[in-house]
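Input: a single structure, listed below in structure tokens.
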Amino acid sequence: MSYYAEVINLSLKNDKILEGFPILRIRKRFLGLLKIYTIEVDEKNIDETIRFFQKNMSTKLRKEWYITFHTEEKAIIVFRKRIFQLSIKGIEPVYQKVLDVSEAEDREKWEEVIRYAKSLGVPDNQCDFLPEMKC
């Protein structure tokens, strides 16, 4: 089984680390300055990969970032200083909208993730955490 992750180039100290992973898609924003890479990670390497990306998260833009690793059933939300592992059952993400977690199996955990993100200054429209097409 594979995990998928959406990684923003600006969230990394060095985006060359993405070259070590299968890149499934690249979406560009802001005249190509911001790129969102969808990568694939083998489940057996997920813990090592999460630590690798967490150590490489940037602070140079004075902004906190997160990376979501996900399957069809679970998500791992990685911040520089915290990691959350959650079920995505009961969630239907909407692009640039705060996740509606009212029907989520892990509702309290998702509420904690949203509170944590907001405490770091992540705006509401970036608290969507999951792509609309989960995998």
Side-chain angles (χ1 to χ4, degrees):
M1 179 171 71
S2 292
Y3 276 82
Y4 300 89
E6 280 63 44
V7 183
I8 296 173
N9 64 321
L10 299 177
S11 72
L12 302 172
K13 292 176 186 173
N14 182 351
D15 65 1
K16 298 290 183 210
I17 67 173
L18 293 165
E19 294 172 1
F21 299 88
I23 297 173
L24 306 177
R25 180 169 69 164
I26 302 172
R27 290 172 289 163
K28 297 178 181 179
R29 304 281 191 277
F30 306 109
L31 303 173
L33 296 174
L34 184 138
K35 297 176 186 165
I36 304 167
Y37 292 82
T38 301
I39 63 169
E40 185 174 6
V41 179
D42 190 299
E43 179 180 35
K44 68 181 179 198
N45 299 325
I46 193 65
D47 293 333
E48 177 184 331
T49 301
I50 286 168
R51 286 191 300 276
F52 178 69
F53 274 93
Q54 190 178 37
K55 287 178 186 175
N56 284 288
M57 292 178 83
S58 177
T59 58
K60 63 184 165 195
L61 295 177
R62 295 185 183 191
K63 176 174 175 44
E64 288 292 334
W65 303 91
Y66 67 85
I67 300 171
T68 301
F69 294 85
H70 58 90
T71 66
E72 289 183 8
E73 297 179 356
K74 52 188 165 182
I76 304 168
I77 313 295
V78 179
F79 294 90
R80 274 187 323 110
K81 296 184 179 178
R82 287 196 67 189
I83 297 172
F84 296 88
Q85 296 193 30
L86 315 107
S87 167
I88 62 175
K89 291 180 182 169
I91 294 180
E92 290 299 325
V94 176
Y95 179 63
Q96 293 193 330
K97 299 279 185 193
V98 175
L99 278 182
D100 176 2
V101 298
S102 59
E103 301 295 321
E105 180 177 272
D106 281 346
R107 184 177 55 83
E108 290 179 14
K109 286 183 181 180
W110 278 107
E111 289 171 347
E112 183 181 0
V113 171
I114 293 168
R115 279 193 306 273
Y116 182 72
K118 287 182 177 189
S119 78
L120 297 175
V122 176
D124 284 356
N125 69 335
Q126 293 176 13
C127 288
D128 50 5
F129 297 108
L130 296 166
E132 286 186 88
M133 292 177 52
K134 295 177 186 122
C135 297

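For the numbers below, each heavy atom of this structure counts, side chains included, while hydrogens, waters and symmetry mates do not.
- Note that CD of Gln54 and NZ of Lys81 are 11.0 Å apart. Values are rounded to the nearest 0.5 Å.
- With sequence neighbours left out, the ring-ring contact (aromatic ring centres under 6.0 Å, His included) criterion links Phe129 to Tyr66.
- Partners of Gln126 by side-chain contact (heavy atoms from CB on, under 4.5 Å), not counting sequence neighbours, listed by chain and number: Lys63, Val122, Pro123.
- The two residues Leu99 and Ile114 have their closest heavy-atom pair at O-CD1, 4.0 Å.
- Interatomic distance, NE2 of His70 versus CD1 of Ile88, reported as 7.5 Å (0.5 Å rounding).
- Hydrophobic clustering places Trp65 together with Phe30 (ILVMFWY residues linked when any side-chain heavy atoms are closer than 4.5 Å, directly or through intermediates).
- Separation of atoms NZ (Lys74) and CE (Met1) is listed at 4.5 Å; rounding is to 0.5 Å.
- Considering only residues two or more places apart in sequence or on other chains, Leu24 meets the side-chain contact (heavy atoms from CB on, under 4.5 Å) condition with Tyr4, Thr38, Glu40.
- The distance from the CD1 atom of Ile8 to the CG atom of Leu18 is 11.5 Å, given to the nearest 0.5 Å.
- With rounding to the nearest 0.5 Å, the separation of CD1 in Ile91 from CG in Leu130 is 6.0 Å.
- Note on residues 102-121: pairs passing ring-ring contact (aromatic ring centres under 6.0 Å, His included), not counting sequence neighbours, are Phe79-Tyr116, Phe84-Tyr116.
- A perpendicular orientation is assigned to the rings of Phe53 and Phe69, their planes being inclined by more than 60° (bins at 30° and 60°).
- Gln85 is linked by a side-chain hydrogen bond (donor to acceptor under 3.5 Å, both in side chains) to nothing, counting only residues two or more places apart in sequence or in another chain.
- Pairing each heavy atom of Val78 with each of Met57, the nearest pair is O-CE, 3.6 Å.
- Applying the salt bridge (Lys or Arg N to Asp or Glu O under 4.0 Å) test to residues at least two apart or on different chains, none of the pairs has a partner in residues 24-33.
- The side-chain hydrogen bond (donor to acceptor under 3.5 Å, both in side chains) search around Asp124 returns Lys118, not counting sequence neighbours.
- Remark: side-chain polar atoms of Asn56 are not paired, donor with acceptor, to backbone N or O of Leu12 under 3.5 angstrom.
- With sequence neighbours excluded, the residues that form a side-chain contact (heavy atoms from CB on, under 4.5 Å) with Lys16 are Asn14, Glu19.
- Of the possible donor and acceptor atoms, one in the side chain of Asn9 sits under 3.5 Å from a partner among the backbone N and O of Leu33.
- Taking the salt bridge (Lys or Arg N to Asp or Glu O under 4.0 Å) definition, one finds that Glu112 meets it with Arg82, sequence neighbours left out.
- For Ser102, the side-chain hydrogen bond (donor to acceptor under 3.5 Å, both in side chains) partners at least two apart in sequence or on another chain are Asp100.
- Interatomic distance, Thr49 OG1 to Asp42 CG, rounded to the nearest 0.5 Å: 8.5 Å.
- Considering all non-hydrogen atoms of both residues, Cys127 and Ala117 come closest at SG-CB, 4.1 Å.
- Lys13 is linked by a side-chain contact (heavy atoms from CB on, under 4.5 Å) to Ser58, counting only residues two or more places apart in sequence or in another chain.
- Among residues two or more places apart in sequence or in another chain, the side-chain hydrogen bond (donor to acceptor under 3.5 Å, both in side chains) test is passed with Glu111 by Arg107.
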